[in-house]
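Provided herewith is a single structure, encoded as structure tokens, for subsequent inquiry.
A, B, ... follow the sequence lines: proteins, then strands. Residue 1 opens every chain. Everything numeric in this text was worked out from a predicted model, so none of it was measured.
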Protein chains: 2
Amino acid sequence: MSLPHALLTSLIEKPCSGYELARRFDKSIGYFWHATHQQIYRELARMEENGWVSSSEVEGGRAGKKRFEVLPAGRAELQRWAAESAAPLRLRDELMLKLRAEAAIGPLGISEELEKRLHLHEQELANYRTIEERDFNAPSLSRENEIHYLILKAGIAYEEGRIQWTKEALAVIHKLDNNSQTSSR
Amino acid sequence: MSLPHALLTSLIEKPCSGYELARRFDKSIGYFWHATHQQIYRELARMEENGWVSSSEVEGGRAGKKRFEVLPAGRAELQRWAAESAAPLRLRDELMLKLRAEAAIGPLGISEELEKRLHLHEQELANYRTIEERDFNAPSLSRENEIHYLILKAGIAYEEGRIQWTKEALAVIHKLDNNSQTSSR
DNA sequence: CGGACCATGTAATCGGTTACATGATTGC
DNA sequence: GCAATCATGTAACCGATTACATGGTCCG
């Protein structure tokens, strides 16, 4: 399981409250490892039990607000985890299932779905490009930023690949739909 | 949830036993929607309760062997599901988490992991290329095969993109590691 | 006759999702 | 004063993973 290690990494980058962590997640690590606030709170509680992080009430902040910090044991755990090999990534793409259903019992009008996806991928790509310009436009980057840029580039390459493929898929589906129309005349 | 619909599609393509279904899954739909045999058996039982599939003991086969077939209600359900829009795909890539950890507390020797991934992606690509030559090499394809080919091409594009990115990642990591060596002399 | 594989299941656990719930603070 | 947002949680449910369990058949 990787969520606790994602949280450790994020807390090392910057100690903060569970709420802030959830927010930051949405805009960084969440792009490739989504988590809801409930998952995060539960996991933070477990990590505190394990002695990986410590929490302290924030003086002067809102009531009940905690600030989580990574303890040496947490840092050690993160190192241990980073050294073991990651489980191979398993894709789960519902769109491919629908295409397969389209092949089996279609036509089912999959084009709309493809158009929608195309739009989403284009939006996400534009988003990534904005981040790229904003954060990685400097003539030379720190070690940390070089690696963060690398991660972003994985996202960019993925979205670009998907956009290209989706366009091809639309072309094929249109061709097939036209053919079946023609032959049924 | 999509697993039952994946199973319906597969059973429409060819009625079979739960065991065979699990096997076929490994070599087709499983590439983008993995499922264990337990998930499949449980889901088949539920689908039978719902009247989406029917099972019959196979005469002359092994004892207890069942053959599942899709009923009209199952076919209708598959159509209904195909029309609704798919949830946007959420990636979960542990490797990106490790890179982020590498940025925060590295160097941790992420190169080995990247090399391993590169190898896996190259293997998977070779596998897909074999399938491509074997199944989609004809001068003209049926409607069904055109769509199956499209799905395969999504896999091929994904693996190729990953291979390219991983090579870039290795280059960046090596550059960073060498720089830190040089500057510490 | 023994090992590989066919074939189906139960049980326990755990992670992820969703709904519900509460109260404080900031800003209009 | 009221709405939005900050901030933290509980509870229920469901899907996924893993371990365990059973017995038949095919082939050498």
Discussion item. Who clusters with A:Leu71? Use side-chain heavy atoms, under 4.5 angstrom, across I, L, V, M, F, W and Y, and order the result by chain and number.
Written reply: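 Noted: A:Leu71 shares its cluster with no other residue.
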Worksheet item: Mind checking who shares a hydrophobic cluster with A:Leu120, ILVMFWY linked at side-chain heavy-atom distances under 4.5 Å?
Response: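 None; A:Leu120 is a cluster of one.
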Discussion item. Output the rounded distance in Å from NZ (B:Lys65) to P (C:dC5).
Written reply: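 Going from NZ in B:Lys65 over to P in C:dC5 covers 16 Å.
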Worksheet item: Any ion pair linking B:Glu13 and A:Arg100 (charged N to carboxylate O, less than 4.0 Å)?
Response: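 Salt bridge between A:Arg100 and B:Glu13, a charged N being under 4.0 Å from a carboxylate O: yes.
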Worksheet item: Can you tell me how far P of C:dT8 sits from CG of B:Leu44, to the nearest Å?
Response: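 It works out to 9 Å between those atoms.
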Worksheet item: In whole angstrom, what separates B:Ile40's CD1 from C:dA7's C1'?
Response: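 The answer, rounded to whole Å, is 13 Å.
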Worksheet item: Looking at B:Glu57 and B:Arg67, does any basic side-chain N land under 4.0 Å from a carboxylate oxygen?
Response: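 No salt bridge links B:Glu57 with B:Arg67.
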Worksheet entry | B:Tyr31/B:Tyr128 aromatic ring centres below 6.0 Å |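 Yes; B:Tyr128 has its ring centre under 6.0 Å from that of B:Tyr31.
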Discussion item. Can you tell whether the side chains of B:Glu43 and B:Arg46 come within less than 4.0 Å, N to carboxylate O?
Written reply: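 Salt bridge present between B:Glu43 and B:Arg46.
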Discussion item. Before you tell me yes or no, could you show the steps for A:Leu44 and A:Leu11 under side-chain contact (heavy atoms from CB on, under 4.5 Å), namely the whole-Å CA-CA distance, both residues' side-chain angles and the distance that decides it to 0.1 Å?
Written reply: CA-CA 11 Å; A:Leu44 283 170; A:Leu11 285 176; 4.0 Å; yes
Practice prompt. To the nearest Å, give me how far apart CD (A:Glu20) and C1' (D:dT5) are.
Written response: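 Atom CD in A:Glu20 sits about 13 Å away from atom C1' in D:dT5.
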Worksheet entry | Near-strand residues of residues 76-86 of chain A, defined as heavy-atom separation under 4.0 angstrom from DNA chain D |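 Per residue number, the list is empty: none.
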Practice prompt. Answer yes or no: is there an ion pair linking B:Glu20 with B:Arg24, defined by an N-O contact shorter than 4.0 Å?
Written response: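 So B:Glu20 does not pair with B:Arg24 through a salt bridge.
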Practice prompt. Show the numbers, then the answer: is there a side-chain contact (heavy atoms from CB on, under 4.5 Å) between A:Phe25 and A:Ile29?
Written response: CA-CA 5 Å; A:Phe25 237 64; A:Ile29 292 176; 3.6 Å; yes
Which atom pairs, one a donor and one an acceptor, fall under 3.5 Å between side chains of residues 153-161 of chain A and the rest of the protein, sequence neighbours left out?
unit_1   : atom_1 : unit_2   : atom_2 : d
A:Lys153 : NZ     : B:Glu168 : OE2    : 2.8
A:Glu159 : OE1    : A:His121 : ND1    : 2.6
A:Glu160 : OE2    : A:Arg129 : NH2    : 2.5

Item to complete: Could you tell me whether the phosphate oxygens of D:dT8, OP1 or OP2, come under 4.0 Å of any side-chain nitrogen or oxygen in A:Ser17?
Response: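 Answer is yes, contact under 4.0 Å.
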Worksheet item: In whole angstroms, how far is the C1' atom of D:dG15 from the NE2 atom of B:His5?
Response: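 So the two atoms are 15 Å apart, to the nearest Å.
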Worksheet entry | Residues touching DNA chain C, which here means a heavy atom under 4.0 Å, drawn from residues 22-32 of chain B |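 Of all residues in residues 22-32 of chain B, the ones placing a heavy atom under 4.0 Å from DNA chain C are B:Arg23.
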Worksheet item: With the sugar-phosphate defined as primed atoms, P, OP1 and OP2, and the base as all remaining atoms, what B/S/- string results for nucleotides 9-16 of chain C, 5' to 3', for protein heavy atoms under 4.0 Å?
Response: BB----SB
Item to complete: Output yes when B:Arg117 and B:Asp93 qualify as a salt bridge under the 4.0 Å nitrogen-oxygen rule, no when they do not.
Response: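 Looking at B:Arg117 and B:Asp93, the cut-off is met.
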Discussion item. For D:dT8 and A:Tyr19 - does any side-chain N or O of the residue sit under 4.0 Å from the phosphate oxygens OP1/OP2?
Written reply: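 No.
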